[in-house]
Amino acid sequence: MIRINENYLKLKASYLFSDIAKRIATYQEANPDSSIIKLGIGDVTEPLPETCRVAFHAAIDEMGTHAGFHGYGPEQGYAFLREAIAANDFQSRGADISADEVFVSDGAKCDSGNFQEIFADNIKIAVPDPMYPVYVDTNVMAGRTGENVNDRYEGFVYLESTPENGYVPTIPSEPVDLVYLCFPNNPTGAAATREQLTAWVDYAKASGALILFDAAYAGFVRDESLPQSIYEIEGAKEVAIEFRSFSKNAGFTGTRCAYTIVPKDLKAEDSSGAMHSVHALWNRRHCTKFNGVSYPVQKAAEAVYSDAGKAEVKALTDFYLANAKIVRSEIESLGLSCVGGDNSPYVWINANRPSWDFFDTLLNEAGVACTPGAGFGSCGEGHIRISAFNSRSNVEEAMKRIRSALAEGSVGV
Ligand code: MLT
């Protein structure tokens, strides 16, 4: 009889956002007339920028001609997109990243989940708490942990992000091999300063650890003193991989395009102590398991870097940031403390009660879906995350409903 990978049995029954979707569907079935406003999963709602659509259409038309037809493209992405990424997202900010260090893919979720595959089974891994659940679940699937005890897997080092450290975890006292960091952070919305990231890079250099840096929300950074990429920090090219996405800044959640930077300077050792290029290993894995993002999608992504594309992306991210500002000020005016929303589309709210209870309350009493903090790790208990990805009218209506639900006293603050 075929046997299963029993590591899967250690996972929670379902993925966080599937769990939430099920609860929403159950509520909707029981209340068919209720119009639920979804401020849970960070899925964009505004249309694709016009510049991207025009490029997308033109590429599809090209595909309809013999001269412009494209079959399999390079697994790593077309040079036109890799060059635009390197020049605009890195070199323009003083980060020395070249086009051949860019691996274009169909999502930062897949890349941040898959990257662990090229490392040994018995490495020590540090994950933030709260965290994007993909970091933890993929390592559980790979067998790098023991059981889940009190909402934490045996074997991980948990890096706590709390109000005391401004939601930027402090460096662990015990040695680790692989560290996941995410800034601007999902779920807390916190951004790391140059000094804080420098401390992490220095730690990694001194200890031999490697940092997997998730910068999927870099496009929302407005404070110019904050780094958008870890490669703005000196020495990061020797110790860090970075994940980026077009999903949230350019509205590509349904279009699918992202990229990962794997610097050529980065090395990791085998069991004999011999050093190997991480770039070469990832390239090997990428070519074996991935056949590239479609030509029209890469042309649409390239358009993000035109002058008009940049202006549209800035307007889109400004729009969601303005939503976040509304959420934050409304929630604060209700007497609940919160962080995030200024360099990030997420507002992290101290709910002062169990987070799934507050989730259920907001769903049942206000018809608003959020994300319970406990779903992101035990430090998320007592919090909820509200996403700014929705129309202005829905955000305003959601805040009105929450205000009246709380004011009615059934869910007093
Ligand atoms: C989130 O809501 O945390 C994200 O949308 C999930 C994702 O990007 O996969």
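Heavy atoms only: backbone and side chains are in, while hydrogens, waters and symmetry mates are out. Every number for a ligand or one of its atoms is a count from 1 in the order of the listing. Along the sequence shown, residues carry numbers from 1.
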task: Using a 4.0 Å heavy-atom threshold (strictly under), name the region of F389 that reaches ligand 1: side chain, backbone, both or neither.
output: neither
message: A quick test of your reading: do over 12 heavy atoms of other residues, nucleotides or ligands sit less than 6.0 Å from NZ of K12?
response: yes
message: Just to be sure I read this right, does ligand 1 sit under 4.0 Å from the backbone of N186, its side chain, both, or neither, counting only heavy atoms?
response: side chain
query: For atom 5 (O) of ligand 1, which protein heavy atom lies nearest, and how many Å away is it?
result: K248 NZ, 2.8 Å
- request: For V168 and A191, work out which heavy atoms get closest and say how close.
  value: CG2-O, 4.0 Å
- prompt: Could you give the distance from SG (C110) to CZ (F115), rounded to the nearest 0.5 Å?
  reply: 14.0 Å
query: What are the two closest heavy atoms between P169 and L181, and how far apart are they?
result: CG-CD2, 4.4 Å
field: Backbone or side-chain N or O of R385 under 3.5 Å from ligand 1 N or O
entry: yes
- request: Before signing off on this row, confirm whether F17 and ligand 1 have an N or O atom pair separated by under 3.5 Å.
  value: no
- request: Provide the number and element of each atom of ligand 1 under 4.0 Å from a heavy atom of I41.
  value: 2 (O), 5 (O)
query: Of all the non-hydrogen atoms in the protein, which one sits nearest to atom 9 (O) of ligand 1, and at what distance?
result: Y132 OH, 2.6 Å
message: Give the atom numbers and elements of ligand 1 that come within less than 4.0 Å of a heavy atom of Y346.
response: 1 (C), 2 (O), 3 (O), 4 (C), 5 (O)
message: How about OH on Y15, more than 12 heavy atoms from neighbouring residues, nucleotides or ligands closer than 6.0 Å, or not?
response: yes
- prompt: What's the shortest heavy-atom distance between F220 and N249, and which atoms?
  reply: CE1-N, 4.3 Å
